[in-house]
Amino acid sequence: MQDWESRLAHLRIERLRPKQIEAALALRSMVYIPLGALEYHGHHLPIGLDAMTAHGLCLQACEQTGGLVMPPLYYGMTGSIGHHPWTICVEKEETLKQLYLDTLNRLSDFGIEQAVLFTGHFGRRQMALMAELQNEWDANASSLRLKCLSISDLPGVAMPGDHGALFETSVLAQLHPDRVHLNELPDQTEFPANDPDGDSWGAHRRDPENVLFGILGDDPRDYQPEQAQALTQALLKGVVELVEA
Ligand SMILES: [Zn+2]
């Protein structure tokens, strides 16, 4: 366990007894719900990366804003890479939507004032589902205010989101350095990225023979700790800013 995980364990709702939950929420009536997906991210990263980064950022944001954090939901919507190895996603929108709604309705029953659905997985279908949920929730005039946020859409963040590439590798390396194994990828000098027309998102990356198979975006072997630290700090700042907006 990382130092920050030990320090923030008291913000994880699943570890708390009722009186502890009530005391924390009396100070700030807000619950974060981190979302992810189980997906192949290349040989160097774990399949649960999206939920791990979402959980970590929610906990660190919660430290600043108050409130509590739900356990991360590792299931997300499948996308264009649904057939890749060890990608285990939900196929139907209604399956996930009902889980989100059941959770939000229960939090609303308890009188929670604000909920933050924060996704570390920003596949097209997942994002569409969250937008739909936000619209429907806003229209039903619940006393619980909902904010649907994505790691790919935070203010003040220069690097674009990706899949198993430089962005995701950098954020996970900051939060869980022991989960990133860049040495499991082929040597960069001997096997440089092979991207026709410099397109790092093309269909060739879905070819198991490609040196960066299943990785969409800039070569993760260009990882730099300083850049990763700046990125993660910017993401955290962005979450807090949107939550408090
Ligand atoms: Zn991911």
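Read the numbers this way: they start at 1 and go in the same order the structure lists the ligands and their atoms.
- Judged by distance alone, the side chain of D195 and the main-chain N or O of S200 form no donor-acceptor pair under 3.5 Å.
- Within the 2.8 Å limit, E168 places at least one N, O or S atom next to the Zn ion (ligand 1).
- Between H55 and F118, the ring center distance fails the sub-6.0 Å criterion.
- The N, O or S atom of D50 lying closest to the Zn ion (ligand 1) is OD1.
- A salt bridge between R125 and E93 is present, with a side-chain N of the basic residue lying under 4.0 Å from a carboxylate O of the acidic one.
- Between H176 and W4, the gap from one ring centroid to the other is short of 6.0 Å.
- The Zn ion (ligand 1) has no N, O or S atom of H121 under 2.8 Å away, backbone or side chain.
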